[in-house]
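These notes concern the structure reproduced below.
First the proteins, then the strands, lettered A, B, ... as listed; each starts at 1. What you are looking at is a predicted structure, and each value in this text was computed from that prediction instead of being measured.
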Protein chains: 2
Amino acid sequence: MTTDLDLAFAALADPTRRAILSMLLEDDMAVTDVAEPFQMSLAAISKHLQVLADAGLISQEKRGRVKWCKLEPDALRAASVWMQGFGQFDPVDLDDFERFLEDEFKADTSD
Amino acid sequence: MTTDLDLAFAALADPTRRAILSMLLEDDMAVTDVAEPFQMSLAAISKHLQVLADAGLISQEKRGRVKWCKLEPDALRAASVWMQGFGQFDPVDLDDFERFLEDEFKADTSD
DNA sequence: GATAAGGTCAACCAGATGGTTGAATATGCA
DNA sequence: TGCATATTCAACCATCTGGTTGACCTTATC
């Protein structure tokens, strides 16, 4: 049996997919634009997006020949709830978070 | 490159490992006792525990011939921080959490 | 010392994952 | 109509994952 939580955590386990999610924090994006900063094929990115969509972390909508990708942060709720049960974490400093994302993104696209 | 976050999320993606973590919320346990409710070999559980330890989610200490497993909830902090950046989630009702864990655990050990 | 208990190791297996390439399918535009 | 753009599909490949079994090592106990 594969649960929603399995899918969500598995999707988050890949740095490319986490980088994609953080890109989508800014704005909705077309598949081609999502793929641009990465050194891998468009087909590979398309697969990553499918994994994210299956986990409910993004939605995709085709308009014309462009498929738009949109973050669905609510899907992170179950996973967040699960983790919070293990400890009471302080509220997050969003500046720290942004710096964290930048570092991760650099590490992921630069090799 | 495999980051801490990769390891943490990948470890959490397996329902057996999440069940183990929730068992360890109660108390420290020996490997054999961790394995008892699961319908799989001791070797398989031993591997799962190794994955959790590699991700820093648990620690293991050998006393005599017994290896004790201990939850390390702090290791969830980075993952929790990462997710909280995507949305401000309400504080969690711990009763809900316990019911959630029970359901998940039943689903995982009963087939 | 012999035997039992707690755990891990090594080899193996099936299936999933993350990537590639080349062909195919829509859609938009001149 | 014909070409370019956006995206997926299909086949393939190497590696990882989650499980098995049987042998092995260490520590207790009789």
Side-chain angles (χ1 to χ4, degrees), chain A residues 1-21 23-24 27-55 57-70 107-111, chain B residues 1-3 5-21 23-24 28-55 57-70 107-111:
Chain A
M1 192 198 48
T2 301
T3 70
D4 291 352
L5 220 39
D6 294 9
L7 292 176
F9 281 128
L12 294 173
D14 186 279
T16 299
R17 288 193 290 263
R18 289 199 305 276
I20 291 173
L21 290 179
M23 288 164 65
L24 293 177
D27 207 352
D28 300 355
M29 295 180 81
V31 173
T32 304
D33 295 334
V34 169
E36 195 272 330
F38 298 98
Q39 282 151 15
M40 74 180 68
S41 68
L42 187 60
I45 295 294
S46 179
K47 281 195 202 176
H48 279 303
L49 289 169
Q50 192 56 56
V51 172
L52 290 169
D54 287 347
L57 297 172
I58 67 167
S59 58
Q60 294 181 290
E61 185 198 354
K62 193 163 183 180
R63 284 202 297 273
R65 64 184 162 181
V66 175
K67 197 168 191 178
W68 292 92
C69 305
K70 179 181 165 53
D108 186 53
T109 56
S110 69
D111 55 17
Chain B
M1 192 198 47
T2 301
T3 70
L5 219 39
D6 293 10
L7 292 176
F9 280 128
L12 294 173
D14 185 278
T16 299
R17 287 193 291 261
R18 290 199 305 276
I20 291 173
L21 290 179
M23 288 163 65
L24 293 177
D28 300 356
M29 295 179 79
V31 173
T32 306
D33 295 334
V34 169
E36 196 272 330
F38 297 98
Q39 281 150 17
M40 75 181 68
S41 68
L42 186 61
I45 295 294
S46 178
K47 281 196 202 178
H48 278 304
L49 290 169
Q50 193 56 57
V51 172
L52 289 168
D54 287 346
L57 297 172
I58 67 168
S59 58
Q60 293 181 290
E61 185 197 354
K62 193 162 183 180
R63 286 204 293 274
R65 65 183 165 183
V66 175
K67 197 170 193 177
W68 293 92
C69 305
K70 179 179 166 51
D108 186 55
T109 56
S110 69
D111 55 19

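Close to C:dG7, at under 4.0 Å from its OP1 or OP2, lies no side-chain N or O of B:S46. Look at B:R63 and you won't find any side-chain N or O under 4.0 angstrom from OP1 or OP2 of C:dG6. Within the 4.0 Å cut-off from OP1 or OP2 of D:dT17, not a single side-chain nitrogen or oxygen of B:K47 is found. When the side-chain nitrogen and oxygen atoms of A:S41 are compared with OP1 and OP2 of C:dT20, one or more of them lie within a distance under 4.0 Å.
If you take CH2 of B:W68 and P of C:dA5, they are 17 Å apart, rounded to a whole angstrom. Atoms CG (B:D54) and P (D:dC16) sit 14 Å apart, rounded to a whole Å. The CD1 atom of A:I45 sits 15 Å away from the C1' atom of D:dA6 (whole-angstrom rounding). Atom CE of A:M29 is separated from atom C1' of D:dT7 by 15 Å (rounded to the nearest Å). Distance A:Q60 CD to D:dA6 C1': 13 Å, rounded to the nearest Å. As a whole-Å value, the separation of A:Q50 CD from D:dC9 C1' is 12 Å. Counting to the nearest Å, the C1' atom of C:dG19 and the CG atom of A:D14 are 11 Å from each other. The distance from atom NZ of B:K67 to atom C1' of C:dG6 is 11 Å, rounded to the nearest whole Å.
Checking B:L21, B:V51, B:L49 one by one against B:L57, the side chain to side chain contact (heavy atoms under 4.5 Å, CB included) holds for a single residue, B:L21.
The residue among A:A10 and A:G64 whose nearest nucleotide of DNA chain C lies closer to the 5′ end is A:A10. Summary of the strand contacts: A:K62 and A:L42 both lie near DNA chain C, and taking for each the nucleotide with the nearest heavy atom, the more 5' one is attributed to A:L42.
Although no hydrogens or angles enter the test, the distance criterion places no donor-acceptor pair under 3.5 Å between the side chain of A:R18 and the main chain of A:A11.
Surrounding CG of A:D33 are more than 12 heavy atoms belonging to other residues, nucleotides or ligands, all under 6.0 Å away.
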Task: A:L24 and A:M29: CA distance, side-chain angles, deciding distance, side-chain contact (heavy atoms from CB on, under 4.5 Å) verdict - done: CA-CA 7 Å; A:L24 293 177; A:M29 295 180 81; 3.8 Å; yes
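You'll find that the side chain of B:V31 is closest to C:dG7, out of D:dT8, C:dT20, C:dG7. For B:M40, whose side chain is taken as the heavy atoms from C-beta onward, the closest listed nucleotide among D:dG19, C:dG18, D:dT7 is D:dG19. Taking the side chain of B:R17 as heavy atoms from C-beta on, and the options C:dT20, D:dG19, D:dG18, the nearest nucleotide is D:dG18.
Inter-residue side-chain proximity for A:P37 and A:M23 is flagged as met; some heavy-atom pair is nearer than 4.5 Å.
Within the 4.0 angstrom heavy-atom criterion, base atoms lie near A:A43.
At a cut-off of 3.5 angstrom, the base of D:dT5 holds at least one donor-acceptor pair with the side chain of A:R65.
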